[in-house]
> 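Below is a structure I'd like to ask you about.
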Amino acid sequence: MSKGITKREEDYSQWYLDVVLKAEMAEYSPVRGCMVIRPTGYGIWEKMQQRLDRMFKETGHVNAYFPLFIPESFLKKEAEHVEGFAPECAMVTHGGGKRLEEPMAIRPTSETIIWATYKNWIKSYRDLPLLINQWANVCRWEMRTRLFLRTCEFLWQEGHTAHATHEEAEEEALRMVDVYRQFAEEYMAMPVVVGRKTESEKFAGAEHTYCIEAMMQDGKALQAGTSHHLGQKFARAFDVKFQDRDKELKYVYATSWGVSTRLIGGMIMTHSDDKGLVIPPKLAPTPVVFVPIWHSDEEMNMVLGKAREITTGWDPLFFKIDDRDQYKPGYKFNEWELKGVPVRIEIGPKDVNNSTVVVARRDTGDKATVPMDGLLTHVEAALESIQKNLYSAAQKRLQERTFTVDNYDEYTERVEGGGFFRVFLDHANPAVEEKLQEDTRSTIRCIPFNAPDEEGPCMITGKPCSGRVIAAQSY
RNA sequence: CGGGGCGUAGCGCAGCCCGGUUAGCGCGCCUGCUUUGGGAGCAGGAGGCCGAGAGUUCAAAUCUCUCCGCCCCGACCA
């Protein structure tokens, strides 16, 4: 079995750490709360970026880049925003050996600097909509950190759009949360619940926040992406007006939306197992690895030669031939399983003689002997099957661990064991959420879309509510 | 910021209570030979300011004080 990986059932969070570290995804840096993302982890982020970037561009967005430093006065312009972010800002007070006249924050998010800029870009209704995305790092001074899930610095993308009307902004916010849903499902093989955040959980400065919530293997929720309708709050704070067709000067409507390297943590906790990482094929930097087997130099030349011959014409980024001489095949099998490569192809002297190879898939561990002829087609089919299989396993778990509960005592007892709970809670009342958190360390994850019309009494106050919310413990 | 733990070789640890040869062990690393279809074997070798500073002592990894860092559990968060 895998050396040194804690079993999931023994200690889920230690298992997670073991996988991240042993699969060489990331490691702790000398800097408190910050991580080093290693090539294996960064390669997955690059795949995510490539796909998301394409989806953003297909929906009309373009990329730009704004400064890392944000003058303190900018942050203070929007009241709710500053209240939400001030406590977690890192501030730069010195530069060039001198105390700065005005301290600058290292961006916790870029709304303020972007809206200070948009003010100059937007004059007329013809300038709208303005659809911009930025790939960047941000910094939030977290008390407690966990690799990928919560670190002081992390990588993300943040979309910032400006629209002429409330309706258009609303459409945009909804469009982008749906882009996230689609990305999560199709590429990460991670089913999600789409919904709206409650007042207390929404973004600091948003009118409302939409989100996708995923369920990890231990039943805890992970907020995997958010999309905010910012209304006119930032337009008013930064005085961004446009002249409309009717000659009137109007404030623009805004959205922002983001996903981060936290998704990598979500991917790990959705698919990986006690042998290590499992990467969905569509996110695998290298989907296929060949492990050649030989006894003599002669055989080595023959086997390696054959492997190279078979893969002639294949995309070089699609596969790797592990020709290292210092490790035995068994070692390599385990290593590539630990690192989550979706398909492993074993090729030895026997195979070369029979014109076959052995194809092993990471999700089920199944091995099959297949002819070299038509191998690429076989492998592509296997990858597709793995992608589907990972998704349906995750979806099955989500369904099986989503419970409908009406009684608070029952909820309190069961929520500890993980899972999503469909419950009636008066989410308009902040005291309800406070009590919920105090009693159970769980929160309302979202007010889901696509919920059946149901009416019932709030589990805590008894007040009639329409529609159930999803409550759960979360990361 | 409260509670707990840990800093000794690249990694994981022992040694510390009870001070005293040359600071050990496993993994990894280097060299050589034999191996190679599920984590190889043998032989040889390199690698340490014992987290930092101050003290006690003839003598400190070990005792005392101070500091620093990190991890884990709670309050805040993508």
Side-chain angles (χ1 to χ4, degrees), chain A residues 1-5 11 13-14 17-18 21-22 24 27-35 83-89 108-109 137-158 180 197 200-204 206 209 211-214 221-228 256-266 275-276 291-297 299-300 303 322-338 344-354 356-358 360 365 367 369 434 437-438 441 443 445 474-475:
Chain A
M1 268 322 261
S2 331
K3 279 187 183 168
I5 295 189
D11 183 344
S13 77
Q14 188 58 48
L17 257 173
D18 287 350
L21 295 172
K22 300 248 158 77
E24 299 181 348
E27 63 186 32
Y28 295 106
S29 73
V31 185
R32 191 199 80 98
C34 296
M35 64 175 169
E83 198 187 320
F85 281 106
E88 44 184 322
C89 274
T109 179
N137 57 341
V138 286
C139 180
R140 298 179 188 178
W141 212 260
E142 299 291 347
M143 304 293 185
R144 263 190 69 198
T145 58
R146 302 190 70 187
L147 295 174
F148 287 118
L149 300 176
R150 181 168 300 107
T151 48
C152 289
E153 183 195 7
F154 57 94
L155 306 182
W156 78 346
Q157 63 59 224
E158 44 181 329
Y180 290 155
K197 284 289 181 191
S200 57
E201 293 277 327
K202 75 175 189 187
F203 176 75
T209 290
C211 64
I212 54 172
E213 293 282 326
L222 183 79
Q223 179 172 309
T226 49
S227 177
H228 319 290
S256 68
W257 28 271
V259 296
S260 72
T261 38
R262 171 181 255 198
L263 286 178
I264 298 172
K275 287 199 269 186
V291 176
I293 296 147
W294 62 74
H295 299 81
S296 60
D297 283 2
E299 280 184 350
M300 178 180 79
V303 168
D322 185 354
D323 59 2
R324 291 174 299 174
D325 195 21
Q326 69 268 41
Y327 298 114
K328 290 174 56 169
Y331 180 93
K332 294 178 183 178
F333 295 168
N334 285 288
E335 179 177 341
W336 292 117
E337 279 166 7
L338 171 61
R344 178 182 73 241
I345 297 176
E346 304 168 16
I347 175 168
K350 287 182 227 161
D351 300 297
V352 174
N353 287 332
N354 298 333
T356 58
V357 295
V358 173
K367 283 191 188 190
T369 303
E434 252 171 63
Q437 177 132 26
E438 252 173 54
R441 284 189 294 133
T443 48
R445 300 315 303 158
S474 69
Y475 279 100

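In what follows, every heavy atom counts, from backbone to side chain, and hydrogens, waters and symmetry copies are set aside. Order of the sequence lines sets the chain letters (A, B, ...), proteins ahead of strands, with each chain counted from 1.
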> Can you tell me the distance, in whole Å, between the CG atom of A/N353 and the P atom of B/G37?
17 Å
> For atom P, what is the distance between B/C50 and B/C63, given to the nearest Å?
16 Å
> Looking at every strand, decide which applies to A/E337 at a 4.0 Å heavy-atom threshold: base, sugar-phosphate, or nothing.
base
> Of the nucleotides B/G38, B/C73, B/G37, which one has an atom closest to the side chain of A/P349?
B/G37
> Taking the six-membered ring for Trp, are A/F148 and A/Y475 closer than 6.0 Å centroid to centroid?
no
> Reckon A/V259 touches a base, only the sugar-phosphate, or nothing at all at heavy-atom distances under 4.0 Å?
nothing
> Classify A/Y475 by what it touches in the nucleic acid, base, sugar-phosphate, or nothing, heavy-atom distance under 4.0 Å.
nothing
> Under 3.5 Å for both donor-acceptor distances, Watson-Crick or wobble: does B/A60 have a partner, and if so which one?
none
> For B/C49 and B/C71, measure between their C1' atoms and round to the nearest Å.
25 Å
> Any strand counts, and the cut-off is 3.5 Å on both contacts for Watson-Crick or G-U wobble. Which nucleotide pairs with B/C25?
B/G12
> Counting only Watson-Crick pairs (N1-N3 plus N6-O4 or O6-N4) and G-U wobbles (N1-O2, O6-N3), all under 3.5 Å, who is the partner of B/C17?
none
> Taking B/G10 as the reference, what is the distance to B/G48 when you measure between their C1' atoms (whole Å, please)?
12 Å
> Just compare B/C71, B/G38, B/A40 and give me whichever is closest to any side-chain atom of A/F333.
B/G38
> Under 4.0 Å between a side-chain nitrogen and a carboxylate oxygen: does that hold for A/E299 and A/K350?
no
> For the side chain of A/R344, counting heavy atoms from C-beta on, which of B/G38, B/C29, B/C72 is nearest?
B/G38
> Please determine, for B/C1, whether a Watson-Crick or G-U wobble partner exists with both distances under 3.5 Å, and give it or none.
B/G74
> Just name whichever nucleotide pairs with B/U31, Watson-Crick or G-U, keeping both distances under 3.5 Å, else none.
B/A43
> Check whether any side-chain nitrogen or oxygen of A/Y331 sits under 4.0 Å from OP1 or OP2 of B/U35, and answer yes or no.
no
> Given B/U36, B/C76, B/C73, identify the nucleotide with an atom nearest to the side chain of A/M143.
B/C76
> Record whether the side chain of A/K367 comes under 3.5 Å of the base of B/G38 through a donor-acceptor pair of N or O atoms.
yes
> Hey, does the side-chain of A/E335 have a donor or acceptor N/O within less than 3.5 Å of a partner on the base of B/G39?
no
> Does the structure place the NZ or CZ of A/R344 under 6.0 Å from the centre of the six-membered ring of A/F333, at an angle of no more than 45° from the ring's axis?
yes
> Taking atom P in both B/U22 and B/G74, compute the distance separating them and give it to the nearest angstrom.
48 Å
> Any base atoms under 4.0 Å from A/E346, or only sugar-phosphate, or nothing? Heavy atoms, all strands.
base
> For a quick check of understanding: with a heavy-atom distance under 4.0 Å over all strands, which category does A/K332 fall into, base, sugar-phosphate or nothing?
nothing
> Salt bridge check: are A/E142 and A/R144 linked by an N-O gap of less than 4.0 Å?
no
> Does A/R144 put a side-chain nitrogen or oxygen below 4.0 Å from OP1 or OP2 of B/C72?
no
> Calculate the interatomic distance between A/L17 atom CG and B/C71 atom P; express it in whole Å.
10 Å
> Would you mind reading off the distance between A/Q326 atom CD and B/U36 atom C1', rounded to a whole angstrom?
12 Å
> Check the surroundings of atom CD in A/Q14: do more than 12 heavy atoms from other residues, nucleotides or ligands lie under 6.0 Å from it?
yes
> Quick one: label A/L149 by what it contacts on the DNA or RNA (base, sugar-phosphate, nothing), any heavy atom closer than 4.0 Å.
base
> Could you go through the side-chain contact (heavy atoms from CB on, under 4.5 Å) check for A/K197 and A/F203 one step at a time?
CA-CA 9 Å; A/K197 284 289 181 191; A/F203 176 75; over 6 Å; no
> For B/A52, which nucleotide in any strand shown is its Watson-Crick or wobble partner with both distances under 3.5 Å?
B/U66
> Find the distance A/K22:NZ to B/G39:P and express it as a whole number of Å.
19 Å
> In whole angstrom, give me the gap between the C1' atoms of B/A61 and B/G44.
30 Å
> For nucleotides B/A43 and B/G26, find the distance between their P atoms and express it as a whole number of Å.
12 Å
> For A/T369, report the nucleic acid contact type (base, sugar-phosphate, nothing); a contact means any heavy atom under 4.0 Å.
nothing
> Using heavy atoms to find the nearest nucleotide of RNA chain B for A/S260 and A/Y28 separately, return the residue whose nucleotide is more 5′.
A/Y28
> Using the C1' atom in both, what is the distance from B/A75 to B/G38, to the nearest Å?
48 Å
> Would A/R324 and A/E335 pass as an ion pair if we require N to O under 4.0 Å?
yes
> Between A/S29 and A/E153, which has a closest nucleotide on RNA chain B that is more 5'?
A/S29
> A/I293 has an atom CD1; how far is it from atom P of B/U35, in whole Å?
17 Å
> Take the protein atom OH of A/Y327 and the nucleotide atom C1' of B/C29, then report the distance between them rounded to whole Å.
9 Å
> Classify the nucleic acid contact of A/R324 as base, sugar-phosphate or nothing, counting any heavy atom under 4.0 Å across all strands shown.
nothing
> Between B/U62 and B/C16, how far is it from one P atom to the other, in whole Å?
12 Å
> A/D325 has an atom CG; how far is it from atom P of B/C30, in whole Å?
13 Å
> Go through the steps for A/V138 and A/E158 under the test side-chain contact (heavy atoms from CB on, under 4.5 Å), then give the verdict.
CA-CA 10 Å; A/V138 286; A/E158 44 181 329; 4.3 Å; yes
> Expressed as a whole number of angstroms, how long is the span from A/D351:CG to B/U36:P?
16 Å
